[in-house]
Amino acid sequence: MRLRNHADRQILAVAVPAFFALVTEPLMLLADTAIIGHLGTPELGALAAASVVLGAVVGLCVFLAYGSTASVARQHGAGDERGAYGLAISSLWLAAGLGVGLGLLVAATSGSLSRALSSSPRVADLAQDYLVVSALAVPAMLLILAATGALRGVLDLRTPLIATIVANIVNVVLNLLFVYGLGGGVRGAAAGTVLAQWLAAGWLTWVVVRRARPAHAAIRPRIGQILGAARQGFPLIVRTLTLRTTVVLAALVAAGLGNVQLAAHQVAATLVTLLAFGLDAIAIAGQTLTGRALGAGDAPGTRALTRRMMAWGLGTGLLAAVVLAGLAPWIPHLFTGDPAVRDALVPALLVVAAIQPLSGMVFVLDGVLIGAGDGVYLAIAGLFTLAVYAPLVLVVGWADAGFTWLWVAYGGFIAARLVTLVLRERSDAWLVLGAGRPAD
């Protein structure tokens, strides 16, 4: 009982601030969804299309946060502060370089991507407007990922929490001002979010750099270490690519079903993202505590923490399911005045609620294996689950089965992920002890 209480305290010390920091990010999107949704159904559909693109770009680079958390936590657990902050600085340089390149790519391809993901020419034009402005925020988003991951690795959850809460408040105020006060429409909403993202990015980057100096970590770019971080992150890119592909496939099928279904999909997908980020708080504890425990050479402690976090994941998933199911009839009214969109949303949200307990387990185990540096297995498992999901979602579109079945297919995807992760957790292959060696 004493060991369990100690494990619970460790988990809560990381998970509680991580939860509030994590949910503020999708709250930015929820704010945009609510504000833009009341402009009209085409505007809401445009946000759905643009969000898929931005989510894919940023999602593919989530290794900047996950990889940074795992590697920094290992060094920190082994007592090597210089090595920990050296890796943190290299992650920031990698994020900056990738962010500039990907931001330019998003702006250059905004027209063709918008047309591919939209349900009508009007929606495509609005989506392109949103994407062109939002491309300016891509470097900021990636810097936030890298800095947040590094700070989690040294058990500083407070700074990312404060920065993201402030940025979220600024985002809501600016969006209301630009959209309704100045009549900026979807471009105004994008501009408000861009400014809020850069505020958070500058804040978090400054904190990491300031702390790196007393640890005598180099601030200048170290090409070898930057490339090493990129190589270590490649399996996580593959893993994330499989996840983002499922999102894109779902959006394409929803767009093929019509404007109402695409608008409903934006609301449902945004709520799923919010729930995922909330459940991911335990996964962040998994990344941080697993990295520290393995870095300190504590295999039994790692096992005990993992089993306890699995119980927490199941419990939080059940809680999320009950809350979402109870609120499902009323939630659609917050995002749209279109009765057809509201009617499509309610049964889909009930399906999403039923999936949440499985999702809680999936996110925890995913976080544990990321913290253990088991990216290669996660990449392979991701390819398997994509192979399971793709036929399911494509059949929904081919058979015109309806919007609710799109989320039933998502439930199959989550179940396949759970199987692959449980099988890995029961083995010892991921329990690699020691601090490792940072790239030069």
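Counting from 1, the numbers follow the sequence of the chain as shown.
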Ignoring hydrogens and angles, tell me if any N or O in the side chain of [X] forms a donor-acceptor pair with the backbone of [Y] under 3.5 Å.
X: Thr316; Y: Gly313; answer: yes
X: Gln266; Y: Leu262; answer: no
X: Tyr377; Y: Ala429; answer: no

Please report the interatomic distance [atom1]([X]) to [atom2]([Y]), rounded to the nearest 0.5 Å.
X: Leu314; Y: Leu319; atom1: CG; atom2: CG; value: 11.5 Å
X: Leu418; Y: Leu365; atom1: CG; atom2: CG; value: 7.0 Å
X: Leu406; Y: Leu392; atom1: CG; atom2: CG; value: 11.0 Å
X: Ile380; Y: Arg424; atom1: CD1; atom2: CZ; value: 8.0 Å
X: Phe413; Y: Ile355; atom1: CZ; atom2: CD1; value: 11.0 Å
X: Ser359; Y: Arg417; atom1: OG; atom2: CZ; value: 8.5 Å

Other residues, nucleotides and ligands only: do more than 12 of their heavy atoms fall within 6.0 Å of [atom1] on [X]?
X: Arg158; atom1: CZ; result: no
X: Trp430; atom1: CH2; result: yes
X: Arg244; atom1: CZ; result: yes

Do [X] and [Y] come within less than 4.5 Å of each other through their side chains, counting heavy atoms only?
X: Phe384; Y: Val388; answer: yes
X: Leu394; Y: Trp398; answer: no
X: Pro42; Y: Leu126; answer: yes
X: Asn168; Y: Thr164; answer: no
X: Cys61; Y: Leu102; answer: yes
X: Leu195; Y: Val170; answer: no
X: Ile331; Y: Leu345; answer: no
X: Val260; Y: His265; answer: no

Discussion item. Apply side-chain hydrogen bond (donor to acceptor under 3.5 Å, both in side chains) to residues Thr193 and Gln197 and explain how you reach the verdict.
Written reply: CA-CA 6 Å; Thr193 302; Gln197 293 281 10; over 6 Å; no
Which heavy atom in [X] sits nearest to a heavy atom in [Y], and how many Å separate them?
X: Phe363; Y: Ala283; result: O-CB, 2.9 Å
X: Pro160; Y: Thr148; result: CB-CG2, 4.0 Å
X: Ala328; Y: Leu350; result: CB-CD2, 3.9 Å
X: Ala96; Y: Leu143; result: N-CD2, 4.1 Å
X: Val58; Y: Leu142; result: CA-CD2, 4.3 Å
X: Leu431; Y: Thr302; result: CD2-CG2, 3.8 Å

Practice prompt. Decide yes or no on side-chain contact (heavy atoms from CB on, under 4.5 Å) for Thr385 and Tyr389, but give the supporting numbers first.
Written response: CA-CA 6 Å; Thr385 54; Tyr389 174 72; over 6 Å; no
Discussion item. Val166 and side chain to side chain contact (heavy atoms under 4.5 Å, CB included): which single residue from Asn171, Leu199, Leu161 fits?
Written reply: Leu199
Worksheet entry | The single option from Ile370, Val364, Val368, Leu369 passing side chain to side chain contact (heavy atoms under 4.5 Å, CB included) against Asp366 | Ile370
Discussion item. Show, in sequence, the C-alpha distance, side-chain angles and deciding distance for Met309 and Thr290, and conclude whether the side-chain contact (heavy atoms from CB on, under 4.5 Å) test is met.
Written reply: CA-CA 11 Å; Met309 285 186 285; Thr290 299; 4.3 Å; yes
Item to complete: Check the angle between the aromatic planes of Trp407 and Phe403 and answer parallel, tilted or perpendicular using the 30° and 60° thresholds.
Response: perpendicular
Practice prompt. Please assess Thr246 against Leu386 for the test side-chain contact (heavy atoms from CB on, under 4.5 Å), listing each intermediate value before the final yes or no.
Written response: CA-CA 7 Å; Thr246 65; Leu386 178 59; 3.9 Å; yes
Discussion item. Please evaluate residues Val346 and Arg342 with respect to the criterion side-chain contact (heavy atoms from CB on, under 4.5 Å), reporting the C-alpha separation (whole Å), side-chain torsions for both, the decisive distance (0.1 Å), and the verdict.
Written reply: CA-CA 7 Å; Val346 174; Arg342 294 200 297 260; 5.9 Å; no
